[in-house]
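Only one structure is covered here, and it is reproduced in the block below.
Reckoned from all heavy atoms, side chains included, excluding hydrogens, waters and symmetry mates.
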Number of protein chains: 2
Amino acid sequence: MSEQVEERDGRPASGRRRAGRQRAAVQELLGAGSSFRSAQEIYADLRERGNPIGLATVYRALQAMVEDGEVDVLRSSDDAEAVYRRCSRGHHHHLVCRRCGRTVEVEDQAVERWAGAVAHEHGFTDVAHQVEVFGTCAQCAAPSS
Amino acid sequence: MSEQVEERDGRPASGRRRAGRQRAAVQELLGAGSSFRSAQEIYADLRERGNPIGLATVYRALQAMVEDGEVDVLRSSDDAEAVYRRCSRGHHHHLVCRRCGRTVEVEDQAVERWAGAVAHEHGFTDVAHQVEVFGTCAQCAAPSS
DNA sequence: ATTCTTGCAAACCCTTTGCAAGCTA
DNA sequence: TAGCTTGCAAAGGGTTTGCAAGAAT
């Protein structure tokens, strides 16, 4: 369980994998909204829309997309399932509405510096960090929805 | 993890639940180090030390401790199992060594302000955030030793 | 035809729960 | 004895994998 990360071959961003109609469906569905979606939800969603996809395919598509950096994975602490969201490449953080799930990508050097400073202060190097900000968006906070 | 701490104690930390020798064992083991431990690891650890605890008991103990706010749970994105760590109450973040797992609790108003500002900027209210900083600690980074 | 993708179902893993037995007060 | 804790085994739920069938090149 405490094993170190296995080295995996660098994967050419895209063009290596044949697109596949079903994977495309997953991509499209994720691209549609900007909020979280669990694999199970995506599976159900696609089926309802008349696209009889297999659950395994959904997982495989998501897995591939994560590897390619197309989507982010997040595991809530209280929920058993992982949620995925479309996501631009590069380093950034998210501001998500805890009510409707809408997500805003945030990019700010301030946090980066902060993380670096804190780490350095304690003698840590090779710093990385993970930040998620939650809140209630203006729309959801509106008294009369 | 998020800062929306369930205020107020109200919980006679030790008057409600009868301690139980096994739960005590889990508490002690978690208290020993300041790094992550998965339930499975704790289970294996205790057994190796000659304490034939049951897996279910480990989970129940951890569950109770989480409820009492004695420990934090964290689910890594790439790992299937949740990890637990002893943790002081109140809002703070962690700086953890990706090599040895050592954890330093960090408390800094800067991030809090940053999170608030970013959220406000986008019309979000009732803000909470979750931050984890990873790095390699000085000891682990040392060339020889 | 070859290679990659898809689906189904079984396999896996972590976690939770039912229930009988063991302690503690 | 009453009430809580512990263990084992079985159940649950999400995710992954084996393998045969279906597309695309």
Side-chain angles (χ1 to χ4, degrees), chain A residues 1-3 6 8-9 11-12 14-30 36-68 70-84, chain B residues 11-30 36-47 49-68 70-84:
Chain A
M1 296 286 122
S2 36
E3 292 307 297
E6 296 178 50
R8 288 208 167 280
D9 66 311
R11 203 172 296 266
S14 57
R16 170 77 168 283
R17 230 182 292 269
R18 207 181 285 176
R21 29 257 125 262
Q22 296 308 49
R23 175 173 171 183
V26 173
Q27 285 179 309
E28 187 178 25
L29 194 151
L30 263 186
F36 304 96
R37 276 290 175 50
S38 73
Q40 307 280 345
E41 287 172 340
I42 292 173
Y43 170 69
D45 242 50
L46 287 174
R47 297 215 129 198
E48 269 178 37
R49 300 186 181 192
N51 189 342
I53 194 175
L55 185 51
T57 304
V58 173
Y59 278 106
R60 280 191 278 240
L62 289 171
Q63 222 167 48
M65 291 165 80
V66 168
E67 267 176 37
D68 288 355
E70 284 179 51
V71 302
D72 265 358
V73 204
L74 198 69
R75 304 189 75 116
S76 123
S77 301
D78 10 81
D79 202 340
E81 47 188 23
V83 288
Y84 305 79
Chain B
R11 192 149 319 195
S14 33
R16 252 237 1 263
R17 235 182 285 271
R18 207 180 285 178
R21 50 192 183 297
Q22 296 306 50
R23 174 173 171 182
V26 174
Q27 284 180 310
E28 187 178 25
L29 194 152
L30 262 186
F36 304 93
R37 277 290 176 48
S38 73
Q40 306 279 346
E41 286 173 339
I42 293 173
Y43 170 68
D45 241 49
L46 287 175
R47 296 214 129 198
R49 299 187 183 193
N51 189 342
I53 195 175
L55 185 53
T57 303
V58 173
Y59 277 106
R60 280 192 278 239
L62 289 171
Q63 222 167 50
M65 292 166 78
V66 168
E67 266 176 37
D68 289 354
E70 285 178 50
V71 303
D72 264 359
V73 203
L74 198 70
R75 303 190 76 114
S76 122
S77 300
D78 12 79
D79 203 338
E81 46 188 24
V83 287
Y84 303 79

Applying side chain to side chain contact (heavy atoms under 4.5 Å, CB included), name anything that partners Tyr59(B), two or more places apart in sequence or on another chain.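 With sequence neighbours excluded, Tyr59(B) shows a side chain to side chain contact (heavy atoms under 4.5 Å, CB included) to Ala39(B), Gln40(B), Leu55(B), given in chain and number order.
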
Does OP1 or OP2 of dT15(D) have a side-chain N or O of Gln63(A) closer than 4.0 Å?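 No, Gln63(A) has no side-chain N/O under 4.0 Å of OP1/OP2 on dT15(D).
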
Rounding to an integer number of Å, can you tell me how far [X] [atom1] sits from [N] [atom2]?
X: Arg21(B); N: dC23(C); atom1: CZ; atom2: P; result: 6 Å
X: Gln27(A); N: dT5(C); atom1: CD; atom2: P; result: 12 Å
X: Gln22(A); N: dA24(D); atom1: CD; atom2: P; result: 11 Å
X: Arg47(B); N: dG7(D); atom1: CZ; atom2: P; result: 8 Å
X: Met65(B); N: dT5(D); atom1: CE; atom2: P; result: 14 Å
X: Glu67(B); N: dT15(C); atom1: CD; atom2: P; result: 16 Å
X: Asp79(B); N: dT15(C); atom1: CG; atom2: C1'; result: 14 Å

In B/S/- notation, 5' to 3', how is nucleotides 9-14 of chain D contacted by protein heavy atoms closer than 4.0 Å? -----S

side-chain hydrogen bond (donor to acceptor under 3.5 Å, both in side chains) with Asn51(B): which residues, sequence neighbours excluded?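 In terms of side-chain hydrogen bond (donor to acceptor under 3.5 Å, both in side chains), with neighbours along the sequence ignored, Asn51(B) is linked to Gln22(B).
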
For Glu81(A), check side-chain hydrogen bond (donor to acceptor under 3.5 Å, both in side chains) against everything at least two apart and list the hits.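 side-chain hydrogen bond (donor to acceptor under 3.5 Å, both in side chains) check on Glu81(A) returns Ser38(A).
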
Looking only at non-hydrogen atoms, find the nearest pair between Tyr43(A) and Ile53(A) and report the distance.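 Closest heavy-atom pair between Tyr43(A) and Ile53(A): CE1-O, 3.3 Å.
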
Testing the basics here: between Asp45(A) and Arg37(A), what is the closest heavy-atom pair and its distance to 0.1 Å?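 In terms of heavy atoms, the two residues are closest at OD2-NH2, 4.1 Å.
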
Of all the nucleotides listed (dT15(D), dT6(D), dA23(D)), which has the minimum atom distance to the side chain of Thr57(B)?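 Within the option list, the nearest is dT6(D).
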
Could one point to a donor on the side chain of Arg60(A) or the base of dG7(C) with an acceptor on the other under 3.5 Å away?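 For Arg60(A), whose side chain was compared with the base of dG7(C), there is a donor-acceptor pair (under 3.5 Å).
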
Please tell me if the side chains of Glu70(A) and Leu30(A) come closer than 4.5 Å, counting only heavy atoms from C-beta onward.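 The answer is no; the side chains never approach within 4.5 Å.
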
With heavy atoms under 4.0 Å as the rule, sort Ile53(B) into base, sugar-phosphate or nothing.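 Sugar-phosphate only.
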
